[in-house]
Protein chains: 2
Amino acid sequence: MKRITFLVAVATVTGVIAFAAPASRHADQEAAPIFVKTIPPGYRDWRLISVAREEGDLNDIRAILGNDVAIKAYRGAKLPFPEGTIIARLAWSHDASEENNKTFGRPQSFVAGVHKNGVQFMVKDSKKYASTGGWGFAHFDDGKPADEVVLSTCFGCRQAVKERDLVFTRYAP
Amino acid sequence: MKRITFLVAVATVTGVIAFAAPASRHADQEAAPIFVKTIPPGYRDWRLISVAREEGDLNDIRAILGNDVAIKAYRGAKLPFPEGTIIARLAWSHDASEENNKTFGRPQSFVAGVHKNGVQFMVKDSKKYASTGGWGFAHFDDGKPADEVVLSTCFGCRQAVKERDLVFTRYAP
């Protein structure tokens with residue numbers, strides 16, 4: 001159950017969703033790259049797309065960043081996202097801040113703590129990732145790419161936002 | 001009570017805290033600029049320092065961004081913050097995402113909605129803002145600077161983080 005929750009999590013707010021092809025294409029999939037194996041360099045310097053909070057088992061606070069191509073596309077409401085778009089999802093523990101609460105005089109303040117739930121990316125390359133809607137997906141824990149199984153079992157999820165080119169996160173102005 | 005809460009809020013997690021001089025310096029204060037009256041241009045393009053969540057009356061989700069000087073100082077753990085440092089605090093409504101929750105199968109997902117609780121800045125200029133620890137403070141609602149009273153009544157707050165040059169927000173790696 002926990003595993004399923006995590007998979008759905010990967011497939012949702014994260015901005016990096018598994019998007020496996022239908023079962024009938026499974027043989028082709030094995031030959032075609034679907035998953036990004038290296039962490040895009042410099043992503044921590046990218047600009048902010050939005051922020052989010054996940055309760056439940058994930059229990060984190062997150063930021064979604066975009067490279068220049070992504071930010072330009074978001075601001076111009078350009079869909080589908082152009083080639084070279086990369087969207088990153090970072091997450092941290094959602095920690096109560098005793099320091100802040102002391103000043104507020106009541107418990108209400110939460111800040112980003114340690115890294116949590118990995119870092120995720122979706123990379124637009126329509127040729128390379130033709131079988132998955134033009135998006136390559138990645139999830140890294142401590143710099144190591146996640147098992148492909150984690151990313152390959154959530155075909156349905158991003159269909160919910162097909163009209164937004166499979167991207168859940170909206171731009172926060 | 002609500003007003004007090006707001007003032008404390010301004011003074012806390014925001015990264016932009018009112019820091020009035022002691023009462024005895026009040027006459028000097030009126031001559032010296034303490035408050036930033038114009039919005040620093042291009043701040044939405046700045047890099048991410050951290051994210052945070054305020055419950056209670058504020059009820060928002062926020063991002064703290066920094067200009068290049070700020071980011072360099074944070075990453076180098078350089079204190080006090082150098083001249084030219086600017087830290088921005090943006091906040092949005094903390095909105096449940098029905099779209100995401102549908103995918104998760106349970107209510108757990110929150111995203112940034114509309115702008116909320118203004119945008120705030122702290123600007124380091126040791127000469128210009130000598131009477132307030134070298135920091136100039138600003139709060140804008142819909143582009144309009146807040147009443148100085150809002151920013152001038154929270155002397156005690158940032159003293160809590162005097163050892164971090166009056167800045168509450170820590171860098172999220």
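Predicted model, so just to flag it, every value in this text is computed and none were measured. Below, chains carry the letters A, B, ... as their sequence lines are ordered, and counting in each starts from 1.
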Exercise. Are A:K124 and A:W135 in a cation-pi setup, meaning NZ or CZ lies under 6.0 angstrom from the ring centre and within 45 degrees of the ring axis?
Worked result: yes
Exercise. For A:V161, is it the side chain, the backbone, both or neither that has a heavy atom under 4.5 Å from a heavy atom of chain B?
Worked result: side chain
Problem set entry | Residue among A:K102, A:R75, A:R170, A:H94 with most heavy-atom pairs under 4.5 Å to chain B | A:R75
Exercise. In terms of heavy-atom pairs under 4.5 Å with chain B, which of A:L65, A:V114, A:V51 leads?
Worked result: A:V51
Seminar exercise, completed: d(B:I64 CD1, B:I87 CD1) to nearest 0.5 Å is 9.5 Å
Exercise. Under 6.0 Å between ring centres, would you say that holds for B:F137 and B:Y129?
Worked result: no
Seminar exercise, completed: CZ (A:R62) and CZ (A:R89) are apart, to the nearest 0.5 Å, by 4.5 Å
